[in-house]
Amino acid sequence: MKQILSTKYLPFISIFSLIALIPLVISKDQYAMVLVTTVLLYAVLASAWNIIGGMAGQLDLGAGAYIGLGAFTTGTLLTRWNITPWIGMFIGGFVSVSFAILIGLPLFRFKIKELWYALTSSALVEVLRIVFLMWDEVGGPTEKYLPGGGDNALYSLRFSTYIPYFYIILIFLVIVIYLNHRIRNSKLGFSLLALGEDEDAAEVLGVDARGNKLKALMIYSFIVGTVGGLYACLYGFLHPSFFSTEISTEVVILGIVGGMGITYGPFLAAIFLVSFREYLRAALGGELAGLYLAVYAVVLIVVALFQPRGIAPLFRRLFEKVIRSLGGREHESSAKASS
Amino acid sequence: MNHPPKLQVNNLTVNFGNLMAVNNVSLEVYPGEIAGLIGPNGAGKTTTFNAITGLIIPSSGKVFFNGHDITGMLPHKICRLGMSRTFQVIKAFAHMTVEETVRVGAYNRCNEKNVYKKVDQIIKLCDLADLRDKLCSDLGLAILRRVELARALATEPEMLLLDETGAGLNQTELLSFMDLLRKINMEYSITLLVVEHVMQMVMGVCSRIVVLDSGEVIATGNPESISTNPKVIEAYLGKRVPQCY
């Protein structure tokens with residue numbers, strides 16, 4: 001235990017302990033709570049995307065589909081059969097995985113990759129949105145509100161403040177980032193990275209392209225589907241607009257800006273980009289609608305130009321400089337190893 | 001040559017639309033030898049390699065490895081049976097370090113526990129110790145050829161197919177590479193099939209040579225007989241024009 005605390009997990013543990021303290025400071029400010037919860041939510045989604053997109057190099061635009069599937073599964077189980085979302089969201093995760101397998105098998109079998117994979121996964125979101133728009137029993141054009149709240153808050157996962165959601169999502173984030181870290185340093189991670197770099201070269205080195213990509217897609221869709229269940233509870237209703245191509249795009253942007261395949265990259269990107277975007281929305285939204293998106297786009301272009309490998313390497317250099325100036329040599333190697 | 005062949009290619013044909021890239025090619029590679037596959041540009045050498053290692057599915061013909069029919073098998077399964085390759089156009093893992101690149105190959109036969117030992121062993125064998133933490137995108141061609149060989153060796157192959165590993169190397173690099181090839185052939189008894197343009201390398205390391213031209217085998221034999229074979233000279237230099245003076 002002492003060993004763990006003193007070396008490579010120290011930055012990890014201290015950062016998340018600090019984050020866990022945030023609600024104590026800002027719990028009165030409802031808007032700030034919404035903001036930090038949104039940041040964490042996107043951090044979880046982008047970190048999950050890092051497995052299929054960052055490591056395996058598959059430009060997956062299907063996050064919205066798995067969020068929607070998870071949300072509708074969880075919500076419908078709660079409203080119809082009164083099954084608690086604590087179980088429902090994991091069932092939602094499994095439903096997402098089934099869909100992922102359904103599209104992943106043929107896509108990977110016929111070596112559909114890069115742009116074609118992106119288009120196909122993006123189409124999945126749109127197709128499901130329309131299906132749920134027309135499927136009145138479960139979806140339909142009007143919002144379906146989830147029951148619960150009050151005395152039942154814990155069972156139905158419907159809290160009146162954001163603080164419990166914040167902590168639940170924080171736990172998700174810790175698990176997903178740890179999972180990223182473990183995969184990154186395992187056979188699966190190395191296989192995925194190699195596939196992302198060059199599929200032919202990876203295959204002749206004994207990497208099973210179909211199997212590994214499918215594994216990555218399954219892990220990713222399970223996490224996103226589970227988060228989707230939470231998403232439904234957070235908003236308190238179900239609507240086919242949960243199948244959102246905007247969320248999918250946002251997740252991919254965070255994953256790329258953070259640094260492809262870097263464990264904590266998407267998390268950093270979520271902290272900076274999502275809060276920056278929301279700040280712009282608040283600051284500029286009153287002046288001219290849509291101006292904040294234009295400024296946001298300029299920032300993305302600047303990152304693409306000057307940090308094409310993402311912002312994480314920048315932070316690593318900064319981190320190492322700080323550590324060195326503090327005289328803590330031991331962390332340098334661990335910082336490298338944990339990336 | 002009483003042993004059964006390690007690799008046997010029977011009447012291999014590959015069509016790309018109307019273009020017949022490889023036409024009815026048959027060749028054998030015997031255990032423990034270094035065989036060469038040469039021919040002018042566009043003769044179908046790389047396509048033959050791709051068809052053998054499963055990257056493309058041949059239009060007809062059969063490929064046997066250790067007696068197993070591996071025609072049209074997925075590349076990673078062929079690798080697991082003990083055959084790997086390098087590429088003519090370098091396919092480096094640009095954003096991975098040398099050590100990580102080798103580790104990808106090492107996982108073919110190793111688990112999480114003994115993978116480090118394998119990686120260390122291969123890096124030492126290929127003389128890459130000083131560069132193990134360098135990103136592949138920062139390395140030059142000669143080193144990358146070595147890295148490609150290293151990651152293929154890490155899969156613990158019985159047979160390696162090397163696609164123009166000598167191309168673009170200077171004299172010193174070439175000589176050290178040839179030494180390395182002889183070493184892995186002798187000490188690790190890995191059978192090699194090399195596609196090569198650099199004649200110094202072909203004549204220096206190969207014990208038997210197959211010559212391809214326009215997708216067909218035109219000659220097979222030892223280096224001396226190949227270098228004097230009129231059909232081979234014709235394929236490389238063209239027909240001798242009757243002199244009229």
Side-chain angles (χ1 to χ4, degrees), chain A residues 50 53-57 108-111 181-215 256 258-263 265 307-310 312-313 316-317 320 332-339, chain B residues 46 49-50 52-56 73-97 99-113 115-116 119 133 135-137 144 147-157 160-161 163:
Chain A
N50 192 42
M55 293 189 207
F108 299 143
R109 164 68 183 79
F110 295 106
K111 285 203 165 194
H181 174 74
R182 287 302 299 266
I183 291 177
R184 177 67 178 77
N185 292 296
S186 71
K187 180 174 181 177
L188 177 62
F190 278 89
S191 303
L192 294 177
L193 282 171
L195 285 170
E197 295 274 358
D198 192 305
E199 198 166 315
D200 284 349
E203 282 195 278
V204 299
L205 297 176
V207 175
D208 176 2
R210 294 175 196 172
N212 281 302
K213 281 198 267 186
L214 197 64
K215 261 186 225 165
I256 294 173
M260 302 271 279
I262 299 171
T263 306
Q307 284 290 323
R309 287 295 293 161
R316 186 193 303 171
R317 279 200 295 275
E320 279 171 8
E332 278 175 44
S333 53
S334 63
K336 262 182 210 155
S338 63
S339 61
Chain B
T46 298
F49 263 30
N50 287 346
I52 294 173
T53 49
L55 289 178
I56 55 174
M73 208 185 246
L74 286 172
H76 75 269
K77 288 188 180 156
I78 295 177
C79 179
R80 217 144 287 172
L81 287 176
M83 179 156 73
S84 189
R85 66 171 289 181
T86 66
F87 293 90
Q88 176 185 9
V89 181
I90 291 280
K91 288 180 186 281
F93 299 144
H95 302 114
M96 293 168 83
T97 64
E99 183 181 347
E100 290 172 333
T101 304
V102 174
R103 197 163 154 189
V104 172
Y107 273 122
N108 187 47
R109 300 235 191 272
C110 297
N111 57 29
E112 300 290 349
K113 286 204 184 82
V115 74
Y116 299 100
V119 169
D133 291 325
L135 284 177
C136 287
S137 55
L144 286 178
V147 174
E148 279 219 350
L149 181 67
R151 70 183 187 193
L153 281 174
T155 66
E156 292 181 27
L160 264 181
L161 281 68
D163 200 350

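Given the structure is predicted, the values throughout are model-derived calculations rather than measurements. All heavy atoms count here, side chains included; hydrogens, waters and symmetry mates do not. In what follows, every chain begins at residue 1, and chains take the letters A, B, ... in the order their sequences are listed.
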(message) Let me confirm one number: the NE2-CD distance from B:H95 to A:E197, rounded to the nearest 0.5 Å.
(response) 6.0 Å
(message) Under a 4.5 Å cutoff for heavy-atom pairs, which residue among B:R80, B:R85, B:R103 has the most contacts with chain A?
(response) B:R103
(message) To check you understand the geometry: which heavy-atom pair defines the closest contact between A:V207 and B:H76, and what is its length?
(response) O-CB, 3.3 Å
(message) So which atom in B:C79 and which in A:G206 form the shortest heavy-atom distance, rounded to 0.1 Å?
(response) SG-N, 3.3 Å
(message) A side-chain contact here means heavy atoms from C-beta on lying under 4.5 Å apart; do B:F87 and A:D200 qualify?
(response) yes
(request) Please collect all salt bridge (Lys or Arg N to Asp or Glu O under 4.0 Å) contacts where either partner lies in residues 202-215 of chain A, sequence neighbours excluded, each pair once. (result) A:K111-A:E203, A:E199-A:K213
(request) Over all heavy atoms of both residues, which pair between B:V104 and A:A194 is shortest? Give the atoms and the distance, please. (result) CG1-CB, 3.6 Å
(request) State, yes or no, whether a side-chain contact exists between A:L205 and B:F93 at a heavy-atom distance under 4.5 Å. (result) yes
(message) Can you confirm whether B:E100 sits close enough to A:L193 that some side-chain heavy atom of one is under 4.5 Å from a side-chain heavy atom of the other?
(response) no
(request) Can you tell which part of A:S186 gets under 4.5 Å to a heavy atom of chain B, answering side chain, backbone, both or neither? (result) both
(request) Select, from B:T155, B:L55, B:D133, B:N50, the one with the greatest count of heavy-atom pairs under 4.5 Å involving chain A. (result) B:L55
